Amino acid sequence: MPEPGVHIGSGKVRELYALGEDRLLLAASDRISVFDVVLPTPIPDKGRVLTGLSAFWFARTQHIVPNHLLAIRPDGRSLECGRLDMLPLEFVVRGYLAGSGWRDYRATGAVCGHALPPGLLESERLPHPLVTPATKAATGHDENISEADAAELVGREQYTEAREVALALYGFGAAHASARGIVLADTKFELGADEAGRLMLADEALTPDSSRFWPADSYAAGGPQPSYDKQFVRDWCERTGGDKAPPGPELPADVVEGTRARYAEAFELLTGIPFARYLDDPQVVRAA
Ligand code: PZK
């Protein structure tokens with residue numbers, strides 16, 4: 001096994017290691033978070049699904065923006081990446097009215113300062129996708145900011161380029177997903193600059209952990225939509241009660257298996273590649 005490198009960061013379900021000066025290792029665990037709480041029961045191969053999907057999208061969006069991916073490790077759950085100067089922003093792109101966007105709209109008639117027509121329904125498709133940037137809070141939750149403030153934070157020119165990239169990536173991902181029976185409701189991107197100052201896509205991209213995926217066949221505006229990947233877990237948590245406070249509940253085997261199957265199915269629908277082939281050889285997602 002190669003050097004894991006020096007541990008330099010933890011996300012809720014991922015770890016970040018330094019590989020020398022200018023490379024990083026992004027490792028995705030099998031942990032799952034529901035209602036913002038990481039559960040004690042892992043979903044086997046979830047980290048591989050997310051890593052494989054990210055690598056799939058990185059390989060297919062290079063015409064929109066270059067990215068930090070250097071290599072997929074043979075374990076299928078970790079990516080070697082170029083170290084970038086990260087923009088201190090998350091680029092959230094919303095194509096549908098869901099989550100905090102819906103709550104914001106119901107309260108104010110706008111989403112993060114973007115005024116919208118009256119009478120839109122929960123989960124309705126927006127007239128056009130919106131970019132709603134957020135600052136990455138060191139601890140706790142990300143804070144939505146206006147596009148004007150985001151532009152001030154990173155400079156107007158860099159902001160304008162990054163928001164166009166985010167919209168193009170969303171458009172590409174949403175069209176690809178839609179042709180395969182999945183609605184990409186919204187997603188978030190993280191971008192950085194390489195040593196030459198070129199904008200690069202980083203982090204994970206267009207995965208279930210960074211996006212809202214809905215099954216297209218049951219989509220109907222006018223209420224909340226089931227999550228493609230986490231709905232079994234959410235339903236079970238709701239049924240068995242609990243206060244959504246940490247530590248979350250242990251999951252029963254049938255919920256684990258059902259959820260694992262949903263992740264594998266999302267991988268197969270989006271990539272067109274049998275998940276077993278990815279497990280056998282993770283490099284299969286890199287071929288165009
Ligand atoms: C970077 N994160 C977030 C993700 C964590 C933390 N290519 C890059 N260059 C420099 N920094 C980062 C990246 C990327 N990607 C990403 N923090 C820094 C993050 C996963 C796990 F602990």
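Note that ligands are numbered from 1 as they come in the structure, with each ligand's atoms numbered from 1 the same way. All of these numbers come straight from a predicted model, not from anything done at the bench. Residue numbers run from 1 in the order of the sequence given. Only heavy atoms go into these numbers, but all of them, side chains included; no hydrogens, no water, no symmetry mates.
- Between Asp203 and Arg14 there is a salt bridge, with a side-chain nitrogen of the basic residue lying less than 4.0 Å from a carboxylate oxygen of the acidic one.
- Residue-environment remark: CD (Glu164) exceeds the threshold of 12 foreign heavy atoms within 6.0 Å.
- Phe91 does not carry Arg163 over the face of its six-membered ring by the limits of under 6.0 Å from the centre and within 45° of the normal.
- Salt bridge present: Asp30 and Arg77 bring a charged side-chain N and a carboxylate O closer than 4.0 Å.
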Which protein N or O atoms sit under 3.5 Å from any N or O of ligand 1? Give atom names and distances.
{"from": "ligand 1", "atom 1": "7 (N)", "to": "His68", "atom 2": "ND1", "distance (Å)": "3.0"}
{"from": "ligand 1", "atom 1": "7 (N)", "to": "Gly82", "atom 2": "O", "distance (Å)": "2.9"}
{"from": "ligand 1", "atom 1": "9 (N)", "to": "Leu84", "atom 2": "N", "distance (Å)": "2.8"}
{"from": "ligand 1", "atom 1": "15 (N)", "to": "Asp203", "atom 2": "N", "distance (Å)": "3.1"}

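- Within a 6.0 Å sphere centred on CZ of Arg277, other residues, nucleotides and ligands contribute 12 heavy atoms or fewer.
- With hydrogens and angles ignored, the 3.5 Å screen pairs no side-chain donor or acceptor of Thr61 with any backbone N or O of Ile64.
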